[in-house]
Enquirer: 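Right, I'll just put the structure down here and ask away after.
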Amino acid sequence: AYNGYYSTTLNPDGTSLRITATTVTGATDGIHADNYGAGALSITATGQVTGVAATTYIPPDAFGPGYTIAHAGIKGYNSFFGTDLTITAAGVTGGSDGILGVNYGSGALTISASGPVVGNGAVTPTPFGPRPHSGITAYNSYYGTDLTITAVGVTGGTHGIAAYNVGSGPLSVTVSGNVQGGTGYGIYTATATDPYYSGTFSGGTSIITLNSGATVGSAAGLAIANDEGDSTTIVHAGAHVGGDVRLGNGSDDLTFDGGTFAAGAILDGGDDTGIADGFVDTLQFRNLATSATGGNLQNWENVFIESGASVSFSDNTLTTSALVVLNGGVLEMANGAGENFVLDGNLEVALGGTLSLDVFSDSDFDSLLVTGTADFGLFGEILFNLAIDPGDLFDGFTVDFLTSAGVLNFGDLLVSYTGLDPLYTASVSELNGVLSLTLNQQVASVSEAGAAALFGAGLLGLFGVGRARRRNTAAA
């Protein structure tokens, strides 16, 4: 029984089905539309849509055993005969899912919500196994193309947003508000696995965008997940990742471009840190200053510190194939943040990237152990922050600050200093993969010292002659 809105096209000779509504409340689903026509299914609601009941049990009969139907605030189903499925809504609340869109048509699935979407259910048992419920659940089949979700605030019992696209196009999720899951993730995406059919699919890339105002997480402490498909996630300024990120196999990119992540969050690129399997996972930091726990940055082939980013590692460790610092990025080990930093991988500092270190004495200074190579490409810089007490300075002061399996492009290295004693000169040398800083006391040149001595002797001589002359004159 429906006191909301239910509509269906049963004849495949039909074309499109379009529903436009304002405020709707249903005892089961708020709006439920099934399209078996040859065209598109479109659902538009400009007011609050509410589906009250979570589930309805259908008892067994002559045709089969009993089963449970889960309900939603808005439910749209597009059959194999259809094309696009589009759902546009303001606020939506459902007993199980907030919005459920299932597209078997040949076109795109698009869901846009300008207000809060809430799915109150967790998991419903079905003949095909348990089905989790989310604030927004979207499924685009093998026959479809793109899947696009744009949302503000979303809350779900399992995931906040669950999106599955095994169609030929990309999967895109863009959020600008609070997205919270329950037992699952804030956002879960899949392009290589189908929740209804077994096997592995070669779907498009998942693209997750967190704009200003977005906070993504769950009661389980899980923020974002992707299956074995490729993915790209970008966290813009004003957005926050409030839990773990686990991106599975495939080649995955995660970029914090001014956005932040929770202390203690695990950022897992999936797979491993090697490139032999063809999967390359890249973690990038831009336009933020942060102290990360290196042990929580797992399974990344590349970690980039780029323009406007200053990054240190609070546990003084990181495992990756390559840590790359460039384009104005700073690997910050100054101010006690990176003493005895161990990098299990290769280091590259180039193209305006900076490695910043503190030196307090010949026994108290920042150092790096790099198990791979240390490559200082064109315009790569080392900045020494020298805070050495004058009593600890001496001629030939030397510290070995970097040990590696080999130093590349040492001749391109730029070195700068702050706090250098004006009586000392500084230099950096390389030997067998070890970089050393040496401070030497400045000594005046021989010609200058000789000239000063001669000038002083001449003045004394003239002064002596003058005194002798005055004595002789007085005697006369």
Enquirer: Filter on salt bridge (Lys or Arg N to Asp or Glu O under 4.0 Å), then keep only pairs touching residues 239-257, sequence neighbours left out; what's left?
Expert: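 Every salt bridge (Lys or Arg N to Asp or Glu O under 4.0 Å) pair that includes a residue of residues 239-257, provided the two are not neighbours, is Asp244-Arg246, Arg246-Asp268.
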Enquirer: In this structure, which one of Val280, Thr205, Asn249 forms a side chain to side chain contact (heavy atoms under 4.5 Å, CB included) with Asp230?
Expert: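 Looking at Val280, Thr205, Asn249, the match for Asp230 under the side chain to side chain contact (heavy atoms under 4.5 Å, CB included) is Thr205.
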Enquirer: For a 4.5 angstrom cut-off between non-hydrogen side-chain atoms, does Phe304 reach Leu326?
Expert: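 The answer is yes, as the side chains (C-beta and beyond) meet within the 4.5 Å cut-off.
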Enquirer: Checking Ser312 against Glu332: is there a side-chain donor and acceptor pair closer than 3.5 Å?
Expert: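 There is no such pair between these side chains.
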Enquirer: Tell me yes or no: between the side chains of Thr209 and His236, is some donor less than 3.5 Å from an acceptor?
Expert: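 No, because no side-chain N or O of Thr209 sits under 3.5 Å from a partner of the opposite role on His236.
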Enquirer: Which heavy atom in Leu147 sits nearest to a heavy atom in Ala163, and how many Å separate them?
Expert: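 Closest pair (atom of Leu147, atom of Ala163, distance): CD2-CB, 4.3 Å.
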Enquirer: Without hydrogens or angle criteria, can the side chains of Asn316 and Asn340 be said to hold a donor-acceptor pair below 3.5 Å?
Expert: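 Their side chains do not contain a donor-acceptor pair, so the 3.5 Å distance test is not met.
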Enquirer: Judged by atom type as modelled, is there a donor-acceptor pair below 3.5 Å linking the side chain of Ser134 to the main-chain atoms of Ile161?
Expert: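 Not at all, since once roles are kept as given, no pair shorter than 3.5 Å links the two residues.
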Enquirer: If you look at every heavy atom in Val179 and Gly160, which pair is closest and at what distance?
Expert: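 In terms of heavy atoms, the two residues are closest at CG1-CA, 4.3 Å.
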Enquirer: With a cut-off of 6.0 Å (strictly less than), are more than 12 heavy atoms of other residues, nucleotides or ligands near OH of Tyr417?
Expert: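 Yes - once you tally the heavy atoms of other residues, nucleotides and ligands closer than 6.0 Å, there are more than 12.
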Enquirer: Do Phe410 and Phe376 have their ring centres less than 6.0 Å from each other?
Expert: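 No, they do not, as the ring centres are separated by 6.0 Å or more.
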Enquirer: Would you tell me whether Ser436 and Asp400 have side-chain atoms, one donor and one acceptor, within less than 3.5 Å of each other?
Expert: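 Present: a donor and an acceptor within the cut-off.
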Enquirer: What are the two closest non-hydrogen atoms of Gly294 and Leu318, and how far apart are they?
Expert: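 Reported closest heavy-atom pair: O-CD1, 4.0 Å.
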Enquirer: Kindly indicate whether the side chain of Leu437, heavy atoms from C-beta on, has any atom under 4.5 Å from the side chain of Val359.
Expert: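 Result yes, sub-4.5 Å side-chain heavy-atom pair found.
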Enquirer: Decide side chain to side chain contact (heavy atoms under 4.5 Å, CB included) for Thr155 and Asn120; before the verdict, give the C-alpha distance in whole Å, the side-chain angles of both, and the deciding distance to 0.1 Å.
Expert: CA-CA 8 Å; Thr155 303; Asn120 288 314; over 6 Å; no
Enquirer: Looking at Val154 and Ala151, what are the two nearest heavy atoms and their distance?
Expert: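 So the two residues come closest at CG2-CB, 3.6 Å.
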Enquirer: For the residue pair Asn226 / Thr189, report whether a side-chain donor-acceptor contact shorter than 3.5 Å exists.
Expert: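 Looking only at side-chain atoms, Asn226 and Thr189 do form a donor-acceptor pair, the distance falling under 3.5 Å.
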Enquirer: Is the backbone of Ser427 close enough, under 3.5 Å, to the side chain of Thr438 for a donor and an acceptor to pair up by distance?
Expert: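 The answer is no, because no donor-acceptor pair under 3.5 Å joins these two groups.
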Enquirer: Test side chain to side chain contact (heavy atoms under 4.5 Å, CB included) on Val330 and Val325; report intermediate values, then the result.
Expert: CA-CA 7 Å; Val330 179; Val325 188; 5.7 Å; no
Enquirer: Could I get the full list of ring-ring contact (aromatic ring centres under 6.0 Å, His included) partners for His159, not counting sequence neighbours?
Expert: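 Per chain and number, His159 pairs via ring-ring contact (aromatic ring centres under 6.0 Å, His included) with Tyr188.
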Enquirer: Please give me the minimum heavy-atom distance between Ala90 and Ala113, naming the atom from each residue.
Expert: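 Heavy atoms of Ala90 and Ala113 come nearest at O-CB, 4.2 Å.
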Enquirer: So, the side chain of Thr88 versus the backbone of Thr44: is there a donor-acceptor pair under 3.5 Å, distance only?
Expert: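 Flag not set: sc Thr88 to bb Thr44 has no pair under 3.5 Å.
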Enquirer: Evaluate side chain to side chain contact (heavy atoms under 4.5 Å, CB included) for Ile224 paired with Ile208, printing each intermediate quantity in order.
Expert: CA-CA 9 Å; Ile224 298 171; Ile208 302 172; 3.7 Å; yes
Enquirer: Looking only at atom types and distance, does a side-chain atom of Trp300 sit under 3.5 Å from a main-chain N or O of Leu323, one as donor and one as acceptor?
Expert: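 Answer holds: no.
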Enquirer: Pick one: which of Tyr143, Tyr139, Phe81, Tyr142 meets ring-ring contact (aromatic ring centres under 6.0 Å, His included) with Tyr104?
Expert: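 When Tyr143, Tyr139, Phe81, Tyr142 are each tested with Tyr104, the ring-ring contact (aromatic ring centres under 6.0 Å, His included) holds only for Tyr139.
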Enquirer: With a 3.5 Å distance limit and no angle check, can you tell me whether Asn385 reaches the backbone of Leu357 through a side-chain donor-acceptor pair?
Expert: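 Yes: the side chain of Asn385 pairs with the backbone of Leu357.
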Enquirer: Go through the side-chain N and O atoms of Thr55 and His71 and say whether any donor and acceptor fall under 3.5 Å apart.
Expert: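 Absent: no donor and acceptor within the cut-off.
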Enquirer: Would the distance check show the side chain of Ser361 and the main-chain N or O of Asp364 forming a donor-acceptor pair, the cut-off being under 3.5 Å?
Expert: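 At least one qualifying donor-acceptor pair exists.
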Enquirer: Going through the distances and angles, do Val241 and Phe256 end up as a side chain to side chain contact (heavy atoms under 4.5 Å, CB included)?
Expert: CA-CA 10 Å; Val241 173; Phe256 288 90; 3.9 Å; yes
Enquirer: Any side-chain donor-acceptor pair under 3.5 Å between Asp227 and Thr193?
Expert: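 Thr193 and Asp227 do have a side-chain donor-acceptor pair below 3.5 Å.
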Enquirer: If you look at every heavy atom in Val399 and Asp362, which pair is closest and at what distance?
Expert: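 Where Val399 meets Asp362 most closely, the heavy atoms are CG1-CA, 3.6 Å.
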Enquirer: Is Asp146 reaching over with its side chain to a backbone N or O of Ala108, donor-acceptor style, under 3.5 angstrom?
Expert: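 Absent.
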Enquirer: Does either side chain, that of Ser416 or that of Glu381, offer a donor lying less than 3.5 Å from an acceptor on the other one?
Expert: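 Checked: Ser416/Glu381 side chains pair up, N/O donor to acceptor below 3.5 Å.
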Enquirer: Can you find a side-chain donor-acceptor pair between Glu348 and Asn346 that sits under 3.5 Å?
Expert: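 There is no such pair between these side chains.
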Enquirer: Any side-chain to backbone donor/acceptor pair from Asn409 onto Leu413? Under 3.5 Å, distance only.
Expert: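 Side chain of Asn409 to backbone of Leu413, a donor-acceptor pair under 3.5 Å: no, none is there.
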Enquirer: Using the rule given for ring pair (Phe, Tyr, Trp, His ring centres under 6.0 Å), can you reason through Phe365 versus Phe360, listing the C-alpha separation, both sets of side-chain angles and the distance that settles it, and then say yes or no?
Expert: CA-CA 6 Å; Phe365 57 93; Phe360 300 103; 9.9 Å; no
Enquirer: Verify the distance criterion only: is there a donor paired with an acceptor across the side chains of Ser307 and Asn327 at less than 3.5 Å?
Expert: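 Judged by distance alone, the side chains do not pair up.
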Enquirer: Under a 3.5 Å cutoff, is there a donor and acceptor pairing between the side chains of Asp271 and Asn299?
Expert: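 There is no such pair (donor and acceptor under 3.5 Å, judged by atom type) between the side chains of Asp271 and Asn299.
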Enquirer: Hey, are Asp34 and Ser79 close enough side-chain-wise for a donor-acceptor pair under 3.5 Å?
Expert: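 No, Asp34 and Ser79 have no side-chain donor paired with an acceptor closer than 3.5 Å.
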Enquirer: Decide yes or no for Tyr77 and Tyr36: does some side-chain heavy atom of the first lie under 4.5 Å from some side-chain heavy atom of the second?
Expert: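 Tyr77 vs Tyr36: side chains touch.
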Enquirer: What is the distance from atom OG of Ser356 to atom CG of Asp366, rounded to the nearest 0.5 Å?
Expert: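 Result: 8.0 Å between the selected atoms.
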Enquirer: Regarding Thr174 and Thr150, do their side chains bring together a donor and an acceptor under 3.5 Å, going by distance alone?
Expert: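 Distance-only check fails for Thr174 and Thr150.
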